[in-house]
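Worksheet: the structure to be examined is printed underneath.
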Amino acid sequence: MQEALDLLAKYGAKAHVLAGGTDIMVKVNRRQLAPEVLVYIGECGLNYIKDLGDKVVIGGATPFAEILRSDVVKQKLPLLAEAVKHIGTPAIRNAGTIGGNLVTASPAADSSVPLLALGASVKLASKSGERVVPLEEFFRGPGETVRKPDELLVEVIVPVPDKDLKFAYHKIGRRKAGTLSVVAGAVVFKAEGAPRGTALARDQACYFEKCTQARVVLNAVAPTPLVAKRASALLEGSALDAELIAKIAKTAAEETSPIDDVRASAWYRRQASEGLVKSLLERIVA
């Protein structure tokens, strides 16, 4: 890895990092990118998954197929395991890496949804040292992150959630498999107190007395993967009932700023966002 950091320090913005190549080589083949320097990191020792007890650390060059096969991820990060199933095709999952997916900074980055929902961070390394950046602060816009030209994303650090964390994930695309997101989303929260049925209101079901550690995340509906903060705040500390579910879904859609593109219109994405968040919450309480 030191050699890779030396090359990034020497060539800076002229250098492009190559791991699985599932994004960068597509651009090269389409003549959208002609890198002067390619720094291959596939053999830099960044392919690993470590169980550190309260967190799981995933090397930046770890392919999605290995994440999907990992018993550690299945047991400790089931939300990530569920989302990885929907990334590309088996061939893409064999080559594509978690670090590459994040550094590309696509608004539709598949791994961003579960990782943002779980409060993950990334470790960036350069010849001058290392720094850890919360993933929520990593993205700056389409194709833009806070990574400096001489830095390499070496690790993704994911806090292990409590076993009683409730979550749901879904991806909407133009096909059932091997497709980019039209919109994908995840909802996570902890619930306190047993479901109280109609305890709060006789004509309105209350599913949980109090929700905490809530987070609503969407992708492909804003310049960066989106943590819907106002929708998350509505869920945090609240009793969850059907009325609140509808309000959270509407608020999440209002926080989006989608564009028209070849996959969907902005109008459709906003409508799909509301429906997706509502269905995720309803799936959790079902």
Side-chain angles (χ1 to χ4, degrees), residues 55 77-80 82-83 102 105 107-122 133-141 146 156-172 181-193 195 200 204-258 269-286:
K55 57 189 174 186
L77 306 174
L79 172 58
L80 178 60
E82 173 63 24
L102 296 175
D110 286 306
S111 66
S112 66
V113 172
L115 293 173
L116 283 169
L118 293 170
S121 300
V122 295
V133 179
L135 190 59
E136 195 170 342
E137 300 172 9
F138 182 66
F139 301 109
R140 283 289 180 262
V146 300
V156 179
I157 304 163
V158 192
V160 174
D162 293 342
K163 289 184 178 179
D164 58 352
L165 183 80
K166 302 186 181 303
F167 69 87
Y169 167 87
H170 190 72
K171 175 179 177 178
I172 299 173
S181 296
V182 169
V183 56
V187 173
V188 301
F189 64 85
K190 286 188 66 177
E192 295 181 0
L200 285 185
Q204 184 179 59
C206 175
Y207 301 109
F208 297 104
E209 293 180 2
K210 184 179 180 182
C211 298
T212 60
Q213 301 179 23
R215 191 164 277 204
V216 179
V217 180
L218 297 166
N219 77 2
V221 292
T224 67
L226 173 69
V227 177
K229 293 183 177 178
R230 288 195 288 120
S232 302
L234 287 173
L235 185 56
E236 177 90 33
S238 300
L240 185 61
D241 57 23
E243 183 178 349
L244 183 60
I245 286 176
K247 188 174 182 180
I248 291 169
K250 186 174 188 297
T251 301
E254 290 171 350
E255 291 186 70
T256 66
S257 53
R269 279 193 161 98
R270 193 170 285 113
Q271 298 299 313
S273 297
E274 181 173 350
L276 177 61
V277 172
K278 184 172 184 289
S279 70
L280 292 172
L281 288 164
E282 289 176 341
R283 190 195 307 174
I284 292 174
V285 303

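Predicted model, so just to flag it, every value in this text is computed and none were measured.
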So R269 and T256, do their side chains get closer than 4.5 Å, heavy atoms only? no

Pairs of donor and acceptor atoms involving the side chains of residues 216-229, under 3.5 Å and at least two apart or interchain, shall be tabulated with distances.
residue, atom, partner, partner atom, Å
N219, OD1, A184, N, 3.0
N219, ND2, A108, O, 3.2
N219, ND2, A109, O, 3.4

Could you list the residues that satisfy ring-ring contact (aromatic ring centres under 6.0 Å, His included) with F138, not counting sequence neighbours? none

Distance (rounded to the nearest 0.5 Å) between S181 OG and L276 CG: 10.0 Å

Do E236 and T212 come close enough that some side-chain heavy atom pair is under 4.5 Å? yes

Could you tell me whether R270 and E274 make a salt bridge, using a distance below 4.0 angstrom between a side-chain N and a carboxylate O? no

Distance-only check: which donor-acceptor pairs under 3.5 Å involve side-chain atoms of residues 161-170, not counting sequence neighbours?
residue, atom, partner, partner atom, Å
D162, OD2, K190, NZ, 2.6

Heavy-atom pair of closest approach, residues R140 and E137: NH1-O, 3.2 Å

So, for A117 and A186, which heavy atoms are closest and what is the spacing to 0.1 Å? CB-CB, 4.3 Å

Nearest-0.5 Å distance that lies between atom CD1 in I248 and atom CD in E243: 11.0 Å

Are K278 and E282 within salt-bridge range, i.e. N to O under 4.0 Å? yes

For residues F208 and A191, report the shortest heavy-atom separation together with the two atoms involved. CD2-CB, 3.4 Å

Taking every heavy atom of V156 against every heavy atom of A120, the minimum-distance pair comes out as CG1-CB, 4.4 Å

Taking all non-hydrogen atoms of both residues, which atom of A272 and which atom of I172 are closest, and how far apart? CB-CD1, 4.3 Å

Looking at every heavy atom in both C206 and D241, which two are closest together, and how far apart are they? CA-CB, 4.0 Å

V188 and Q213: side chain to side chain contact (heavy atoms under 4.5 Å, CB included), yes or no, with the steps? CA-CA 8 Å; V188 301; Q213 301 179 23; over 6 Å; no

Between L281 and Y207, does a side chain to side chain contact (heavy atoms under 4.5 Å, CB included) hold up when you go through it step by step? CA-CA 10 Å; L281 288 164; Y207 301 109; over 6 Å; no

Distance, nearest 0.5 Å, that separates NZ of K171 from CD of E82: 12.0 Å

Taking C-beta and beyond as the side chain, do I284 and L240 meet within less than 4.5 Å on heavy atoms? no

How many angstroms lie between atom CD1 of I157 and atom CG of L115, to the nearest 0.5 angstrom? 11.5 Å

